[in-house]
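Naming: A, B, ... by sequence-line order, numbering from 1 per chain.
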Amino acid sequence: MVNKPHDVAGISVSEIDLEENQYETWEKQIDALLVLLSGEKKLMRVDELRRGIESLGVNAYNELSYYERWIASISKILVEKNILSQTEIDNRIRKLRADGDLQ
Amino acid sequence: MSRLPDGARVQVKSRLVETHTRVPMYIQGKTGVIERCCGPYRNPETLAYGKDGLPKEFLYRVRFFQSELWEDYKGNSSDTADVEIYHHWLSLESEC
Amino acid sequence: MPHDHHHGPSIDPTRLARYQNLAKAVTELLIEKNIISSDEIDDAIKGMDERGPALGARMVARAWSNSHYKESMLSDGSAAAEALGIPVDGTKLVVVENTEKVHNLVVCTLCSCYPRNILGLPPRWYKSTPYRARAIKEPRKVLKEFGTIIPESVSVRVHDSTADMRYMVLPARPTNTAEWNEERLRELVTRDSMIGAEAAITPGDQE
């Protein structure tokens with residue numbers, strides 16, 4: 001039986017990297033988004049965040065860093081709930097990229 | 001749904017679930033002992049899809065011997081693992 | 001099926017830029033729609049930064065000094081935190097005690113559940129696939145990598161945070177601290193000792 005990508009107990013892996021790196025601002029901002037959306041705003045639940053992460057697919061799950069997975073899931077859940085639309089997210093990313101290229 | 005008593009021997013059901021669940025593979029089909037009931041909680045298997053997670057279910061901490069979880073367990077025979085499991089995943093050993 | 005991760009997920013700059021843009025787009029849109037405000041994000045980050053192992057250390061030092069407090073902490077961790085003015089925001093905290101017979105270690109094999117209200121954000125290793133995969137299956141070996149040798153006479157108990165409880169370890173009180181007050185004792189309580197990855201600091205062992 002093949003485990004789901006997040007169900008990692010007992011799989012064969014490399015050594016544990018014990019290096020202590022502080023969290024960067026972009027990571028904390030993504031964390032804060034979830035804290036707000038799942039906490040006082042009650043717009044999504046941590047259970048939904050997890051389900052979104054688990055449905056990223058095995059390659060994305062293994063390749064993405066922790067908060068990259070989070071924002072991928074958060075945006076997916078927000079679209080699912082019609083809080084944001086995929087089109088407006090895509091358009092905004094395009095604009096951000098264009099603005100970045102101008103700098 | 002009556003609450004399972006502390007100390008009861010329980011078996012974790014073994015199911016292929018494609019949807020969201022908080023029951024990892026390594027305890028499915030395994031037998032352990034109820035360490036304590038944590039109380040009634042909403043079901044994450046429906047909460048994860050935007051539902052209300054009701055009715056609430058009893059959540060238990062179930063204690064397993066590590067040597068029964070892993071064929072090649074290299075620690076001590078008295079080593080254990082405690083895992084939280086919702087009621088609908090458990091059956092009393094006598095009913096297994 | 002086993003698969004090898006020779007390296008944990010790494011940061012690829014091109015990909016990172018893509019996800020940072022996604023985060024920025026989502027955040028901007030939520031702000032424009034008045035769903036959240038940038039002040040709320042700043043406050044949430046501030047709240048995050050205020051939580052940290054010092055809070056757990058206060059609880060541990062109190063438990064070492066006061067047996068009534070220790071009993072209450074072992075029966076209801078959340079209430080014991082709140083008794084010291086540490087808000088837990090609904091978290092169900094379970095405190096497990098290291099004794100001469102049992103050494104406890106906490107992991108979340110499915111994601112990264114951690115008592116953030118008491119210990120702050122988890123260290124990166126706690127959320128990594130290697131720790132999650134191995135702490136449950138070979139805890140003694142993992143503990144050894146943290147420099148923690150558990151004698152044969154002591155059982156290792158791993159707690160997998162799969163649902164609504166969050167776990168904190170009450171480490172054993174170090175020897176030679178009989179005369180120490182709570183404030184001094186707090187200094188001996190490390191973050192990793194409250195995850196169970198190591199013992200509390202024994203005075204005299206400090207480098």
Residues of residues 137-144 of chain C contacting chain A, heavy-atom criterion under 4.5 Å, by residue number: C:Lys137, C:Val142
Which portion of C:Ile136 sits near chain A, non-hydrogen atoms under 4.5 angstrom: side chain
Contacting region of A:Ile93 [heavy-atom separation from chain C under 4.5 Å]: both
Within-4.5 Å side-chain heavy-atom neighbours: A:Val13 and C:Tyr131: no
Most contacts with chain C, counted as non-hydrogen pairs under 4.5 angstrom, among A:Ile89, A:Val35, A:Leu84: A:Leu84
C:Glu32, CD atom: more than 12 neighbouring heavy atoms under 6.0 Å: yes
A:Leu33 portion near chain C, given a 4.5 angstrom heavy-atom threshold: side chain
Nearest non-hydrogen partners of C:Arg132 and A:Val8, listed with the distance: CB-CG2, 3.6 Å
Euclidean distance, C:Leu16 CG relative to A:Ser65 OG, rounded to 0.5 Å: 7.0 Å
Non-hydrogen atoms of A:Leu96 and C:Ala25 that approach each other most closely: CD1-N, 3.7 Å
Over 12 foreign heavy atoms within 6.0 Å of NZ, C:Lys46: no
Under 3.5 Å donor-acceptor pairs involving side-chain atoms of residues 117-125 of chain C, not counting sequence neighbours:
unit_1   : atom_1 : unit_2  : atom_2 : d
C:Asn117 : OD1    : C:Arg51 : NH1    : 3.3
C:Asn117 : ND2    : C:Val88 : O      : 2.8
C:Asn117 : ND2    : C:Thr91 : OG1    : 2.7
C:Arg124 : NE     : A:Asn21 : O      : 3.2
C:Arg124 : NH1    : A:Glu27 : OE2    : 3.0
C:Arg124 : NH2    : A:Gln22 : O      : 2.9
C:Arg124 : NH2    : A:Glu27 : OE1    : 2.7
C:Trp125 : NE1    : A:Glu20 : OE2    : 3.4

Separation between CD of A:Glu15 and OG of C:Ser128, rounded to the nearest 0.5 Å: 11.0 Å
C:Cys111 SG to A:Asp7 CG distance, which is reported to the nearest 0.5 Å: 11.0 Å
Between C:Thr109, C:Leu29, C:Thr27, the one whose heavy-atom pairs under 4.5 Å with chain A are most numerous: C:Leu29
Partner chain A: residue of C:Ile41, C:Val107, C:Asp42, C:Asp89 with the largest heavy-atom pair count (under 4.5 Å): C:Ile41
Contact winner vs chain A - C:Lys127, C:Lys33, C:Gln20, C:Lys24, heavy-atom pairs under 4.5 Å: C:Lys127
Minimum side-chain heavy-atom gap C:Ile35-A:Leu36 below 4.5 Å: no
Heavy-atom donor-acceptor pair, C:Arg15 side chain to A:Glu63 backbone, under 3.5 Å: yes
Backbone of C:Arg18 reached by a side-chain donor or acceptor of A:Arg97 within 3.5 Å: no
From C:Ile45 atom CD1 to A:Tyr23 atom OH, the distance as rounded to the nearest 0.5 Å: 14.0 Å
Residue pair A:Lys28, C:Asp49: steps toward the side chain to side chain contact (heavy atoms under 4.5 Å, CB included) verdict: CA-CA 9 Å; A:Lys28 288 185 180 179; C:Asp49 289 340; 2.6 Å; yes
Region of A:Tyr67 that comes under 4.5 Å of a non-hydrogen atom in chain C: side chain
Side-chain heavy-atom pair A:Ile30, C:Tyr19 within 4.5 angstrom cut-off: no
Ring pair (Phe, Tyr, Trp, His ring centres under 6.0 Å) partners of residues 154-175 of chain C, not counting sequence neighbours, each pair once: C:His159-C:Tyr167
N-O pairing of C:Glu28 and A:Lys95 below 4.0 Å: no
Closest-packed option against chain A by number of heavy-atom pairs under 4.5 Å, given C:Asp160, C:Leu110, C:Asn21: C:Leu110
Proximal component of C:Asp43, with respect to chain A [non-hydrogen, under 4.5 Å]: neither
Lys/Arg-Asp/Glu bridge criterion (N-O < 4.0 Å) met for A:Asp31, C:Arg116: yes
C:Glu40, part contacting chain A, at a heavy-atom distance under 4.5 Å: both
Least distance between heavy atoms, C:Pro130 atom then A:Ser14 atom: CB-O, 3.4 Å
Which atoms of C:Cys108 approach chain A - backbone, side chain, both or neither, heavy atom under 4.5 Å: neither
Proximal to chain C - members of residues 41-50 of chain A, heavy-atom separation under 4.5 Å: A:Lys41, A:Leu43, A:Arg50
Which of A:Asp17, A:Ile83, A:Asp90, A:Ile71 touches chain C most, by non-hydrogen pairs under 4.5 Å: A:Ile71
